[in-house]
**Student:** 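Quick one: this structure, given as structure tokens, is what I'll be asking you about.
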Amino acid sequence: MHTTDLKNALADVMKGEVTDDEGARRGAARDTSIFERMPALIAYPKDPHDVSELVRVVGAERKRGADISLAARAAGTDMSGGPLTTGVVVNFMKHMNQMGPVRQAQGEEVGDGFAVTEPGVYYRDFEKATLEKGLLLPSYPASREIAAMGGIVANNSGGERTLEYGKTEKYVEELDVVLSDGSLATFKSLTPSEVEKRKKLQTLEGEIYREMDALLTENAKLIESHRPKVSKNSAGYALWSIKNPITGEFNLAKLICGSQGTLALWTKAKLNLVRPKEHRAMLVIFLHDLSILPEIVKRVLPMNPESFESFDDHTFTLAVKLIPGMLAQMGFAKAARLGIDFIPEALMVATGGVPKLLLMVEFAEDTIESADAKAVAAKGALADLNLKMKIEKDEKESEKYWIVRRESFNLLRKNVHGLHTAPFIDDFVVPPECYSDFLPKLNALLDEYKSHFIYTIAGHVGDGNFHIIPLMDLSKEENRQVILDLAPKVYELVIKEGGTTTGEHNDGIIRTPYLPMLFGAEMVALFEKTKKIFDPLNILNPGKKVGGTFVDIKRDMIREKM
Ligand SMILES: Cc1cc2nc3c(=O)[nH]c(=O)nc-3n(C[C@H](O)[C@H](O)[C@H](O)COP(=O)(O)OP(=O)(O)OC[C@H]3O[C@@H](n4cnc5c(N)ncnc54)[C@H](O)[C@@H]3O)c2cc1C
């Protein structure tokens, strides 16, 4: 079917709009990854019924042999190419952007409260509404100002508070979804007898329960042995999270979370929330010798910090250089206060005393006194290691470090011209115990390629999750080749240590081809089977999670000079 005919067919059945406008398509052709895919159409559904019609029409076309598929898109901040497609973009931001109730938990309800949301709600708006009730989704990503709930759920996002609170999958209670034949379903926690009832349905939903329960039962050992050993993972399909082996509780919402829109499109979520502690104090460690890092982590983690974050010497130096420009955007009073606060860091840069890694260990408590006491205790526990440390007694004092940590990616992106941020080894996780073995090997590897890029490392050091985002000139073929050459070498090191290729940013175009290396052929066969059960026609975001190739990476990389 010609694109115009498909557009008309969709417009006939949807209340929302469909467009082939060049500007709109160009806007949806990119996310924050290194890829570009020009979509044929953008559809803006008004409600789940619209999404359902859209999926039905695309499915019918596919049955007739057309090479057409669709990809969900929320705010488009994905770093892996997740929302990119040459088919139809399903844009949730325009209409499906309403929040439902936010309320405190009652009786035996899980967590401290919950919120109901559509996928097109920006996290910043979601948080405003939850904080009004004193509640928070603590798995928010560092991209909290620009990301939306659609991707936070579909990528199984995590962030600076994941160390204490876990990732989004832990908070996904219920998802309303549109399945690949256009039918509607609600995935939530079911008892074994409720699962049996669902299995009797003569619908795609029934088929999914029948097939998935059989797949999980027949392959229980294999799946359990591939449960990620590190504390966060967004790679593959979370087959280990669906069924509780002891209670038999079965929740497919846990699988949809993190599946990048490849199994179903979600239209409404019920998310559990927590009541955040009110006060924070931070122990800052200026680390010059990386070999002590494992010992620091070993001693600090049992003290239960809410966050344990880090950034490297490159970020530190760049931040100090660019501080005047950053502060200029913050208003005079705040800029003056932070400007003075940054003087010690500026002196470190001037005197060559920049630490290799700056560690931020933050403790949260209900009173400022108890938060401070925890930071003091952590400092005491490290006293014999001869470290330069200081305590920031409240959130105002520690703000400057959070600004640098949260802005590390933007610092590079906005201030080094002519080069493109290239997330391709941006999100691996290793067990923190292996740092002394792993980090020197990683540094040696990055050094080999240093003529091709500059980079910063920032990360969730307590979780072993590192964000390395090089800046590269992607117009050069040799640099694009580095992306294909270096990533498998880094992942080989990561996998040897028992780590994972992605803790939060997900597989997308950039990492799907590495899933066999990470999980092995048998598990990948289960991922393929899962995909087939949910999406037999392969119309939902094909090539992500299942079927993606190195040819895709090579073909779709951005080639233009920034
Ligand atoms: C500066 C920066 C920092 C970042 N920091 C973090 C971080 O700390 N942690 C983290 O996890 N990520 C981080 N990211 C990556 C990204 O911002 C997050 O993963 C975010 O949650 C994506 O949300 P989005 O709304 O932009 O999703 P999109 O980019 O629109 O989509 C992401 C994926 O979700 C799918 N999707 C979207 N809506 C739906 C739906 N309704 N149904 C099914 N599938 C859907 C898309 O198809 C796509 O595969 C960062 C990105 C940037 C640029």
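Order of listing sets the numbers, starting from 1, for every ligand and every atom in it.
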**Student:** Among Thr162, Val90, Asn155, Thr421, which one puts a heavy atom closest to atom 19 (O) of ligand 1?
**Tutor:** Asn155

**Student:** Examine the proximity of ligand 1 to Asn541 and report which part, side chain or backbone, both or neither, has a heavy atom under 4.0 Å away.
**Tutor:** side chain

**Student:** Going by the atom numbers of ligand 1, which of them fall below 4.0 Å from some non-hydrogen atom of Ser143?
**Tutor:** 2 (C), 3 (C), 4 (C), 5 (N), 6 (C), 13 (C), 14 (N), 16 (C), 17 (O), 18 (C), 50 (C), 51 (C), 52 (C)

**Student:** Suppose we measure from atom 36 (N) of ligand 1 to each protein heavy atom; which comes out shortest, and what is that distance?
**Tutor:** Ala154 CB, 3.5 Å

**Student:** Give yes or no for whether the N/O distance cutoff of 3.5 Å, strictly under, is met between Thr77 and ligand 1.
**Tutor:** yes

**Student:** Examine distances only and state if a side-chain atom of Asp50 and a backbone atom of Lys15 form a donor-acceptor pair shorter than 3.5 Å.
**Tutor:** yes

**Student:** Quick one: look at Ala264 and ligand 1, take heavy-atom pairs under 4.0 Å, and tell me if it's side chain, backbone, both or neither.
**Tutor:** backbone

**Student:** Checking a contact table here: which protein heavy atom is nearest atom 32 (C) of ligand 1, and how many Å away?
**Tutor:** Asp78 OD2, 3.2 Å

**Student:** Any donor-acceptor pair under 3.5 Å linking the side chain of Arg37 with the backbone of Asp556?
**Tutor:** no

**Student:** What protein heavy atom sits nearest atom 28 (P) of ligand 1, and how far away is it?
**Tutor:** Gly76 N, 3.5 Å

**Student:** Give me the nearest non-hydrogen protein atom to atom 52 (C) of ligand 1 as residue plus atom name, then the distance to 0.1 Å.
**Tutor:** Met79 CE, 3.5 Å

**Student:** Kindly confirm or rule out an N or O of His467 lying under 3.5 angstrom from an N or O of ligand 1.
**Tutor:** no

**Student:** Need the ligand 1 atom indices (1-based, order shown) with element for anything under 4.0 Å from a heavy-atom of Ala147.
**Tutor:** 20 (C), 23 (O)

**Student:** Below 6.0 angstrom between ring centroids: does that apply to Phe308 and His460?
**Tutor:** no

**Student:** Walk me through whether Glu560 and Arg30 qualify under salt bridge (Lys or Arg N to Asp or Glu O under 4.0 Å).
**Tutor:** CA-CA 13 Å; Glu560 96 196 7; Arg30 291 210 182 163; 3.4 Å; yes

**Student:** Using a 4.0 Å cutoff against the non-hydrogen atoms of Pro119, which atoms of ligand 1 qualify?
**Tutor:** 41 (N)

**Student:** Does Gly159 offer a backbone N or O that forms a donor-acceptor pair with the side chain of Thr162 under 3.5 Å?
**Tutor:** yes

**Student:** May I ask you to list the atoms of ligand 1 that are less than 4.0 angstrom from any heavy atom of Gly82?
**Tutor:** 47 (O), 48 (C), 49 (O)

**Student:** How close does the nearest protein non-hydrogen atom get to atom 8 (O) of ligand 1, and which residue and atom is it?
**Tutor:** Ala142 N, 2.8 Å

**Student:** Can you confirm whether or not the ring centre of Phe92 sits under 6.0 Å from the ring centre of Tyr44?
**Tutor:** no

**Student:** Here's one to test your reading of the geometry: is the NZ or CZ of Arg124 within 45 degrees of the ring axis of Tyr122 and under 6.0 Å from its centre?
**Tutor:** yes

**Student:** side-chain hydrogen bond (donor to acceptor under 3.5 Å, both in side chains) for Thr262 and Asn541? Distances and angles first, verdict last.
**Tutor:** CA-CA 5 Å; Thr262 60; Asn541 215 359; over 6 Å; no

**Student:** Measure the distance from atom 12 (N) of ligand 1 to every protein heavy atom, then report the residue, atom name and distance (to 0.1 Å) of the closest one.
**Tutor:** His505 CD2, 3.4 Å

**Student:** Using a 4.0 Å heavy-atom cut-off, say whether Thr32 meets ligand 1 through its side chain, its backbone, both or neither.
**Tutor:** side chain

**Student:** Considering the heavy atoms of Leu265, write down every atom of ligand 1 situated less than 4.0 Å from one of them.
**Tutor:** 42 (N), 43 (C)

**Student:** Among Ser234, Pro141, Cys257, Ala458, which one has a heavy atom closest to atom 10 (C) of ligand 1?
**Tutor:** Pro141

**Student:** Below 4.0 angstrom, N of the basic side chain to O of the carboxylate: do Glu504 and Lys232 qualify?
**Tutor:** yes

**Student:** Can the ring centroids of Trp240 and Phe519 be said to lie less than 6.0 angstrom from one another?
**Tutor:** yes

**Student:** Just need the protein heavy atom nearest to atom 1 (C) of ligand 1, so name the residue and atom and give the distance.
**Tutor:** Phe409 CD2, 3.2 Å

**Student:** Could you walk me through whether Lys254 and Asn251 satisfy the side-chain hydrogen bond (donor to acceptor under 3.5 Å, both in side chains) test, starting with their C-alpha distance in whole Å, then the side-chain angles of each, then the deciding distance to 0.1 Å, before giving a yes or no?
**Tutor:** CA-CA 6 Å; Lys254 305 287 180 189; Asn251 192 346; over 6 Å; no

**Student:** Taking the six-membered ring for Trp and the full ring for Phe, Tyr or His, determine whether the centres of Phe428 and Tyr514 are under 6.0 Å apart.
**Tutor:** no

**Student:** Does any N or O of ligand 1 fall below 3.5 Å from an N or O anywhere on Ala74, backbone included?
**Tutor:** yes

**Student:** Could you work out, for atom 31 (O) of ligand 1, the closest of Gly158, Gly151, Gly81 by heavy-atom distance?
**Tutor:** Gly151

**Student:** Is the closest heavy atom of Gly120 to ligand 1 under 4.0 Å?
**Tutor:** no

**Student:** Report yes or no: is the cationic atom of Arg405 (NZ for Lys, CZ for Arg) under 6.0 Å from the centre of the six-membered ring of Trp402, at an angle within 45° of the ring normal?
**Tutor:** no

**Student:** Under 3.5 Å between any N/O of Ser157 and any N/O of ligand 1: does that happen in this structure?
**Tutor:** yes

**Student:** Thr32 side chain to Asp78 main-chain N or O, any donor-acceptor pair under 3.5 Å?
**Tutor:** yes

**Student:** I'd like to know if Asp31 contacts ligand 1, where contact means a heavy-atom distance under 4.0 Å to any ligand atom.
**Tutor:** no

**Student:** Of the non-hydrogen atoms in Glu160 and Ser307, which two are nearest, and what is the gap between them?
**Tutor:** O-OG, 2.9 Å

**Student:** List every atom of ligand 1 that sits less than 4.0 Å from any heavy atom of Phe92, numbering the atoms from 1 in the order shown and giving each element.
**Tutor:** 40 (C), 41 (N)

**Student:** Of the choices Gly261, Pro45, Ala148, Ala72, which has the non-hydrogen atom that lies closest to atom 47 (O) of ligand 1?
**Tutor:** Ala72

**Student:** Which heavy atom of the protein is the closest neighbour of atom 41 (N) of ligand 1, given with residue, atom name and distance?
**Tutor:** Trp266 O, 3.0 Å

**Student:** Measuring from atom CG of Leu252 to atom CD1 of Ile242, what distance do you get when rounded to the nearest 0.5 angstrom?
**Tutor:** 5.5 Å

**Student:** With heavy atoms under 4.0 Å as the rule, classify the contact between Ala71 and ligand 1 as side chain, backbone, both or neither.
**Tutor:** neither

